[in-house]
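Take a look at the structure below.
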Amino acid sequence: MSDDSKNVPRTVSVLVPTPSPVPYTYALPDGVSADPGAIVQVPLGPRQVAGIVWEVGDNGNDIDPAKLRPVTTVFDCPTLTPDMRRFIAWVSRYTLSAPGMVARMVLRAPAAFEPEAPVAGLALTDERPQRMTSARERVVALAAESSPMAWTRSGLAHAAGVSLSVVDGLAAAGTFEAVTLPPTAIVAPPDPNHGPPDLHDSQARAAEALTGDIQADRFAATLLEGVTGAGKTEVYFEAIAAAVSAGRQVLVMLPEIALTQAFIDRFEARFGAPPAPWHSDLPPKTREKVWRQVAEGSVEVVAGARSALFLPFADLGLVIVDEEHDAAYKQEDRVYYNARDMAVVRAKLADCPVVLVSATPSVETRHNALEGRYRHLRLDRRHADAALPDVALVDMRQNPPARGGFLSPVLLDAMAQTLEKQEQSLLFLNRRGYAPLTLCRVCGHRFACENCSAWLVEHRFRGQLQCHHCGHHEPVPEACPECGTFDHLVACGPGIERIAEETLTHFPDARVIVLSSDMAGGVKRLRLEMEAIAKGEADIIIGTQLVAKGHNFPLLTLVGVVDADLGLANGDPRAAERTFQLLSQVTGRAGRTGRQSLGLIQTFQPDHAVLKACASGDAEAFYAAQLAERERGRMPPFGRLAAVIVSATNRPDAEAHGRALRAAAPSSSDITVLGPAEAPLAMVRGRHRFRLLVHGSERADMQAYLRAMIATAPNPRGSVRVAVDVDPQSFL
DNA sequence: AACCAGGAAAAG
DNA sequence: TTTTCCTGGTTA
């Protein structure tokens, strides 16, 4: 080492969790080295934070050497792979967010960066205790049988059916010696041959195509499309089996990990062990273990929510995105991203296959498949015993419900017949509570939330008026707060509680179960109810969106959609797409018993193209119509990224911020800066391209915010950035 | 004079 | 993002 290099401090640049557009430079203490991708602890202001070494040596950031602070610790932890580092950079650039904030998502396992503590174990020796009891006998026999495998103290006691003191006694007598065991694996390794599937022809062909991709061992994007019950899961399980056999790691993404016990059960049946879980509610200990073992490469399959995309896989060999159309893949705070799209990028950078799976693919994924950017595999038939239901629209103008009711005679008749046959019916209405609006018949007062100006929803079971945006609730008053009149409050419109009430007036002896996400008793109760339904302990099920996802209802032969128009009129450019997906899923719940089954969709717009497509099951017509909408400019075209700055505070830097983003953004993007007055109006009129990013308006708080802005004067709420839609072409 | 909220600035 | 600093306005 020359004299020069002794005086010049060796430096590294580190991604730290700040909104800084560049990494920060730190000094490397003598004798310490760190490669790019190493995980380090560094001082940042008054605190210590975890960061990722980005570059080693002079990076041209030109910081005053006196200002440099030293790296505190280089963690003894696997270095991030080059493809992971490229992924961080890519996501940062694409989403217009600071690289350090993306890095922060990777380092979301605070205690995982040090090696796991080894576990204390006991191994059998040749010593035998002087006094042998039957309990001791059992322990020694068990240990001898499994020798040379070592046991944990409690594991051995438990397995031999003795108390801990028996084991302790043997250890004291020298029959066991203390050894250290490697940390226990979070899950057992999956066995690709545990439960081989029985695939029908079209499944087998699709599975073959996917396993071919695994063998080819390079990037390939596939859309796997097939109606509910066509067996998509079995098909991609074969791809997983192939990847696991090849010794590669697999990431399976699911939209709502909390609700996916059904998936885990199926996985376990196929592979003999569950996948490692990853989601935001994971207990810290588990979280840490999974992160570490994924980084070390010892976990083979992870099933996770969108954040699993940022796990530091050592050797990623396959990515699956199940229910790829699901809006839960969108993250709409901090770093805005759609995990489905980032999954494609992740696979591209890791040079491994990615499979997008859906019965009702999103329009942009369908478009990519059509254009040949994704291979399109289709499973077009259901298993032999499961026929799709016949679906029909019920014109509510021709078949009006009884006064004060919401169920048409046609639907009631079908329900009666289903009851007669002792089969199950499902009524779907995407509205919780009793009624979405309450008003005073005397003075016209409408009950609105004091915080966010949304209507308060009556929940009659609970005797409350609730705001579904901010969670505010109050008891239902007896008198109108405006005019003081008693007993003149009227409920307007239906919620599932009201539909349940109406159902019981028609079928007083039917066993009715109401399912919604806010049900008392939580997830546990929900699962019990689902089991009861599967056992045939209900005749009529009434539910919200919840019933569209996950659980199957094996005895169901009638599905009634109470109000198909509900989702079509909310101003969201994706309303049609979402309605199509939701109704397809809901009507797909029926028809698994091999009996004749029926779907009835109540609507006031029987000529609406989307609803007609739902009824005829003609997905092609639906997608063609959607693509035409984009062509006509009613929806933004593909292939552009948009971002909008809505500055609600007139901050003078908003414009500068916008200009900076504009400069940093990819050339295909379109960024607009709008002030507090014009933004909501532009949004409403659709003058600006952020009709596209009305993704933002899916957020309840954003809607409430905009409503407040339109109704009143500018309302200081900080600077809000709504951004990002898909730019499918730039992935490939 | 002490206290507080809220915004701006800095962090290597 | 998190923390500190600064300011203007309030309370004691």
Side-chain angles (χ1 to χ4, degrees), chain A residues 7-30 32-75 85 88-89 91-93 95-113 280 284 307 310 331-337 643 645-661 664 673 675-676 701 705 713-724:
Chain A
N7 298 331
V8 179
R10 299 176 311 136
T11 60
V12 286
S13 64
V14 178
L15 292 184
V16 287
T18 68
S20 163
V22 291
Y24 280 179
T25 310
Y26 287 87
L28 265 186
D30 285 340
V32 175
S33 66
D35 295 321
I39 296 171
V40 292
Q41 188 174 48
V42 291
L44 181 69
R47 60 208 171 109
Q48 293 284 329
V49 296
I52 298 169
V53 173
W54 204 237
E55 288 164 300
V56 175
D58 182 22
N59 60 3
N61 274 346
D62 201 23
I63 299 296
D64 175 6
K67 235 174 120 183
L68 291 186
R69 299 169 76 183
V71 170
T72 312
T73 318
V74 179
F75 288 112
R85 283 183 284 132
I88 293 170
V91 172
S92 158
R93 184 166 163 65
T95 63
L96 309 178
S97 43
M101 297 319 264
V102 181
R104 189 173 170 269
M105 299 195 290
V106 178
L107 303 179
R108 276 294 178 83
F113 312 138
S280 51
S307 57
F310 294 92
Q331 172 149 93
E332 305 193 71
D333 64 320
R334 300 183 178 92
V335 178
Y336 289 61
Y337 66 91
I645 316 292
V646 181
S647 167
T649 48
N650 275 327
R651 277 191 15 214
D653 63 321
E655 203 176 319
H657 188 197
R659 244 182 285 118
L661 278 172
V673 185
D701 59 345
Y705 164 71
N715 172 9
R717 285 271 293 266
S719 157
V720 182
R721 178 154 67 102
V722 194
V724 176

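Below, read A as the first sequence line, B as the second, and so on, with proteins coming before strands; counting in each chain starts at 1. Since we're looking at a predicted model, the values are computed, not measured.
DNA chain C is contacted by no residue of residues 33-44 of chain A, taking any non-hydrogen atom closer than 4.0 Å. In the region residues 99-106 of chain A, proximity to DNA chain C at under 4.0 angstrom, judged on heavy atoms, holds for A:Met101, A:Arg104.
For A:Leu28 and B:dG12, the CG to P distance is 16 Å, given to the nearest whole Å. The OH-P distance, from A:Tyr26 to B:dG12, rounds to 6 Å in whole Å. Residue A:Leu15 contributes atom CG, which lies 15 Å from atom C1' of B:dA11 at whole-angstrom precision.
Counting non-hydrogen atoms under 4.0 angstrom, A:Pro46 reaches the backbone sugars and phosphates but no base.
DNA chain C contains the following stems of three or more consecutive Watson-Crick or G-U pairs, with both distances under 3.5 Å: B:1-11 with C:1-11.
Between the A:Tyr26 side chain and the A:Val53 main chain, no donor and acceptor come within less than 3.5 Å of each other. Judged purely by atom type and a 3.5 angstrom limit, A:Ser20 uses its side chain to pair as donor or acceptor with the backbone of A:Val22. Under a 3.5 Å cut-off, the side chain of A:Arg69 and the backbone N or O of A:Gly45 do form a donor-acceptor pair. Between the side chain of A:Arg10 and the backbone N or O of A:Val32 there is at least one donor-acceptor pair closer than 3.5 Å.
Minimum interatomic distance between A:Pro70 and A:Pro43 (heavy atoms only, all atoms of both residues): O-CD, 3.3 Å. Considering every non-hydrogen atom in both A:Val49 and A:Pro17, the closest pair reads CG2-CD, 3.9 Å.
When side chains are defined from C-beta on, A:Arg108 does not count as touching A:Ser307, because their heavy atoms never get closer than 4.5 Å. Proximity of A:Thr73 to A:Phe113: side-chain heavy atoms (C-beta onward) are nowhere separated by under 4.5 Å. In this structure, A:Pro23 and A:Leu15 have side chains that are in contact, with non-hydrogen atoms separated by less than 4.5 Å.
With sequence neighbours excluded, the residues satisfying side chain to side chain donor-acceptor pair (under 3.5 Å) with A:Thr72 are A:Gln48. Residues meeting the ring-ring contact (aromatic ring centres under 6.0 Å, His included) test with A:Phe310, sequence neighbours left out: A:Phe87, A:Tyr337.
Test A:Val12, A:Val14, A:Thr18, A:Leu68 against A:Tyr24 for side-chain contact (heavy atoms from CB on, under 4.5 Å) and you get one pass: A:Thr18.
Put simply, chain A comes within 4.0 Å of DNA chain C, heavy atom to any atom, from C:dT1 to C:dT3, going 5' to 3'.
Taking CD1 of A:Ile52 as the reference point, atom CG of A:Leu107 lies at 4.5 Å (rounded to 0.5 Å).
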